[in-house]
Structures are given as structure tokens and as C-alpha cells.
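In what follows, a single structure is set out as C-alpha cells and then discussed.
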2 protein chains.
Amino acid sequence: MDNETSLRNERKRGSGVKVVYDILRDEILDLELPPGSPIDEVQLSERFGMSRTPIREALVRLAGEGLIDTLPNRSTMVSQIDFLNMHSYFDALVLMYRVTTQLAAKYHRPEDLEIVRALQTDFADAVEAQDALAMISTNAALHLAIAESGRNSYFTSLFSRLLNEGRRILRLYYQSYNDRLPRRFVEEHDEIIDAVAARDIELAERLAREHAEQIVAQIQKLLVRGDRLDVRL
Amino acid sequence: MDNETSLRNERKRGSGVKVVYDILRDEILDLELPPGSPIDEVQLSERFGMSRTPIREALVRLAGEGLIDTLPNRSTMVSQIDFLNMHSYFDALVLMYRVTTQLAAKYHRPEDLEIVRALQTDFADAVEAQDALAMISTNAALHLAIAESGRNSYFTSLFSRLLNEGRRILRLYYQSYNDRLPRRFVEEHDEIIDAVAARDIELAERLAREHAEQIVAQIQKLLVRGDRLDVRL
DNA sequence: TGCATATTTCTTGTCGACAAAATAAATACA
DNA sequence: TGTATTTATTTTGTCGACAAGAAATATGCA
């Protein structure tokens, strides 16, 4: 808290909203603020040492992404994870894995792969170090980089939303593994990247699908058993 | 302008933001506010008879959906239609047509089809009346209803975003037809709905794809010739 | 004591005003 | 006259304060 209030007077105009937005977003996605946590504007304005106006703007943006729910004239709280519609989430996630990887195999440029490979190294390091939070974020960054090399901003932004939403679920998931993840994931990533680099569109799509479906299957073992994951196009 | 200012004193608390948001959104999507139009907060606050605060909140939400662009500390304007990345748009649109229709064939319930059929009637009426704006909105409503009967909120919301974004392009497109649209579209809709009702998943997906690709192809004839529309999964 | 109504408290929604940033206009100087 | 610097204007970002709605508490009455 001290870190934030100390910035009170050395803040650039317009930066406040972004700071609040980023911090709250991370706290929500990392389950530091678990679903259902009340969000109080005055409390936040005291915490960040600014008036309610910029806080409010950050909250509006978070609400726009569905991360918080606002009851009119009443309280606002961190939105619940929708376990009932989890199958929707998994369907969408698998499809986006497939589509973005496939497009990456088609349209990537050499310089994209450098970034991707660097992020894959980061992910491997995180697995080696058994750092769950780092695994989640580097994994997301890696797949987003692949998606971006496919050059379709609509798919990328939906994928990004899904991966973020997933951070909340994955946080639970990784915990169940005692924050240890098999190296197989690292190898699968390598195979996917190789297929993309070789521009083997079908292989890239198949590997991405298998990768995604396997992750989903493992998560589902932990959750209410959804029985509707069979997207075939 | 009078309509809006007259509501100055009879407004329910909290409703202002929604009103401003809805109106501006429609004006942008219907090209009443063409891309690049400057958005002035004080001007809007005078127009709607309220302070800048609720105006600002509406603008933040619009910016969140990419409908306006905000230059920090400077002007904010209606965002440009991205003709350069149009292929991305078409790829995403076609895929969403396919996925949502396919899921509808799988998971729709009888009561969903009543709504869908009613909206199809509305669309047919609009075509008959040669009312371009009505065609655009009823067409979007119809396909969204189909999507919703597929019960995947992630796909539905991306599809909704795409159809809205499309309203700006379609507005140009329909104009090129002199606001007349062939009845073929009505027939194609009927076929799609029948396939969904029969739960013929493959047929529904194929018809939706053909429907979408045909529309896209016709739009592309009007635009910068994009050469990257060949999504095959 | 139990329930309905009134009052208080608490949080959000809105407002008007001020300050900072950027742009446009004006002035000074060569 | 042309350019650089200074000043004014415009527009956004932030603030503190107030009002409305809802929830919590207190009061009145049977």
C-alpha cells in the first residue's frame, strides 16, 4: 500500500487510470481478489491516493471485460467464475488455439519466430523453476505471440480474453499439480513451433488441437464434469 | 437535439450513461458519425443536458469496444474502418458464422427456433420493403439469435462484435446495391434454419459457410481486393 | 415480543470547478 | 518577412462536494 500512496504526487496526468486498471486486473486474475470480493471505490481511492474519478474509469473498463460486476446504485464485486458454462469456455479456447496456430503457420514472418522462441525459453525456465504464476503468464504470452504472428486481430483479442479468463481457472489447476507441471508441455510447445516454422498448416493445427484438448481434459478432471466438449469442424 | 435536452430533469439516476452510449453507438455504426469525426465532451454534455462525467463513462465504454480512439490529453474521434486488415475481419466473420450455426444445430431448444423464425420473417419483410437499415439490423438479430441458441457466450459475443463492426461496412455495401437485396438471402436463411431445426450439424455448417463466403465475396468486389480469404479447417 | 415504518448510514452517480497538456495565436527579434 | 519564443485558448484529466438509492439500524405500535 505504501508503494502506491507514495506515488501520490509524482504521477503523470492520465497515468493513474492505467495503473489502477493494471493492478486490479492482475489481482483479480491471480485470484488475489477472489470472485465475489467487494470493490469499494472510496477504499481504492484511498489506497491509490487519488480521487474516485480515475478509479471509476478503471472500474468501467474492468466491467467492460467482464472482470467485475456492477449492481446499479449498489455494490460492485469481482465477477464469479462461471463453472456452469465452462464447456463454452473450453470449446472457445480449443478453437482459438487451433485457428491462431494455423494462421501463424500460414502468415508468420521470420522475425515473429524469434520472439516466439524466446518466450518458449521463458516458459521452459518457469517449468524448470516450478513457478506456477510464471508458467501461466509465460504460457499465455507464448501462445499470444503465436497468435499475433497469424495477423488476425479479432482472433488474437478473443484468444487474449480467453487466456486471461483462464488465468483464474489455471491458477486453481496448477495448484492441484502442487505447482509442478510435466515437461511434456514444453516438448509440445516445441513441436508446435517447429510445425509453424515449417509452415505445415495441417500439422500445426492438429498439434495445437491436441495440446489444447489435452489441457482441457486435465482441467475437466478437476471440475464439474462437463460433457459437451466435442467441437469438430 | 430537443428530444434529448428535454429529458434533462426527468432522468433516472444511472440511466444517462446508457442513453448516451446507445445513441452514440448507433450513430457511429450507422455512419451518421463517419470515421474520423471529432468527439467533443462538452459539446455532448450540452447536447444531452448532463455533465461531462456520465458522457465520459460512455466514451470509455465505446473506446473499450474500439469504436472511438482516444489520444491522451488530445482529441478523441470515431475510429477508422480498418480496410487494410479487412481480410482478418472476413476470416473471423466466416468462422463465427460457421461455428455458431453449427452449435445451434447441436444445442438449440425448440423455443429458440420460434424466436429465430420470427426474426427471419422480419428480415424477409425488410428485404421486401427494400429498407436497407432494417435489413442490416434484422439480419444481425437473426444470426445472433441463431448464435445464442448454440449457447456459447464467448462465440456469441465475438460474433456480435463482428456483426456490429460490420454494420459500418454493410452500410456501404447495401448502398452499392441501391439498398435492394436479392431474395436469395432470404431463401438461404430459410435453408439454414431448416438444417438447424433438423439438427443436421454438417449441413448447417456448410450452408452457413457458403452463405457467409458468398456475402464476403460480394463485399470484397467492392473493396480493396483482399487476397487472403481462404480459411480451411 | 414481533412486525411495519421511519431514520440513519453507506455507497454510488452526478455535478461544477480547477489544473495540466496540447494546440493555436500573438509577439519579439533578426 | 520569416522564424523563434511567449502568451492565450481549448480540451482533457482530476478533484472535492453533494444528492439519490439502497441497506442497515432504530423507532413505534400491536
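Below, chains carry the letters A, B, ... as their sequence lines are ordered, and counting in each starts from 1.
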Item to check | Sequence neighbours excluded, every pair satisfying salt bridge (charged side-chain N to carboxylate O under 4.0 Å, His left out) that has a member inside residues 72-81 of chain A | outcome: none
Item to check | Set of salt bridge (charged side-chain N to carboxylate O under 4.0 Å, His left out) partners for B:R56, sequence neighbours left out | outcome: A:E57, B:E41
Next on the checklist: Without decimals, in angstroms, what is the distance between A:K18 NZ and D:dG13 P?
Outcome noted: 15 Å
Item to check | Residues which pass side-chain contact (heavy atoms from CB on, under 4.5 Å) with B:D40, listed by chain and number, not counting sequence neighbours | outcome: B:V42, B:Q43
Next on the checklist: Please report the distance, rounded to the nearest Å, between CZ in B:R52 and P in D:dT14.
Outcome noted: 11 Å
Contact list (N/O, under 3.5 angstrom) for nucleotides 7-10 of chain D vs protein:
none

Item to check | Backbone of B:T156 reached by a side-chain donor or acceptor of B:S160 within 3.5 Å | outcome: no
Checklist entry - With sugar-phosphate meaning primed atoms plus P, OP1 and OP2, does B:E41 contact a base, only sugar-phosphate, or nothing at under 4.0 Å between heavy atoms? => result sugar-phosphate
Checklist entry - Taking it one step at a time, do A:R47 and A:I23 satisfy side-chain contact (heavy atoms from CB on, under 4.5 Å)? => result CA-CA 12 Å; A:R47 170 179 166 193; A:I23 292 181; 3.7 Å; yes
Checklist outcome for this item: Of the listed C:dT11, D:dT11, D:dG13, the closest approach to the B:D40 side chain comes from D:dT11
Next on the checklist: The criterion is side-chain contact (heavy atoms from CB on, under 4.5 Å); which residues satisfy it with B:T121, sequence neighbours excluded?
Outcome noted: B:D125
Item to check | Length of the line joining B:I55:CD1 and D:dT11:P, which is rounded to integer Å | outcome: 15 Å
Next on the checklist: Under the rule for side-chain contact (heavy atoms from CB on, under 4.5 Å), what residues qualify as partners of A:S137, not counting sequence neighbours?
Outcome noted: none
Next on the checklist: Does anything in residues 64-77 of chain A come within less than 4.0 Å of DNA chain C? Heavy atoms only, and list the residues if so.
Outcome noted: A:N73, A:R74, A:T76
Checklist entry - Whole Å only: how far is the CE atom of A:M50 from the P atom of D:dC15? => result 7 Å
Next on the checklist: Is A:S51 close enough to D:dC15 that one of its side-chain N or O atoms is under 4.0 Å from OP1 or OP2 there?
Outcome noted: yes
Item to check | Between C1' of C:dT11 and CZ of A:R56, the distance in whole Å | outcome: 10 Å
Checklist entry - What nucleic acid atoms does A:I39 come within less than 4.0 Å of, heavy atoms only: base, sugar-phosphate, or nothing? => result sugar-phosphate
Item to check | Distance, rounded to the nearest Å, where B:E57 contributes CD and C:dT12 contributes C1' | outcome: 11 Å
Checklist entry - B:R167: what forms a salt bridge (charged side-chain N to carboxylate O under 4.0 Å, His left out) with it, not counting sequence neighbours? => result B:D26, B:D30
Checklist entry - For B:Y97, which residues count as a ring pair (Phe, Tyr, Trp, His ring centres under 6.0 Å) partner, sequence neighbours excluded? => result B:H143, B:F159, B:H211
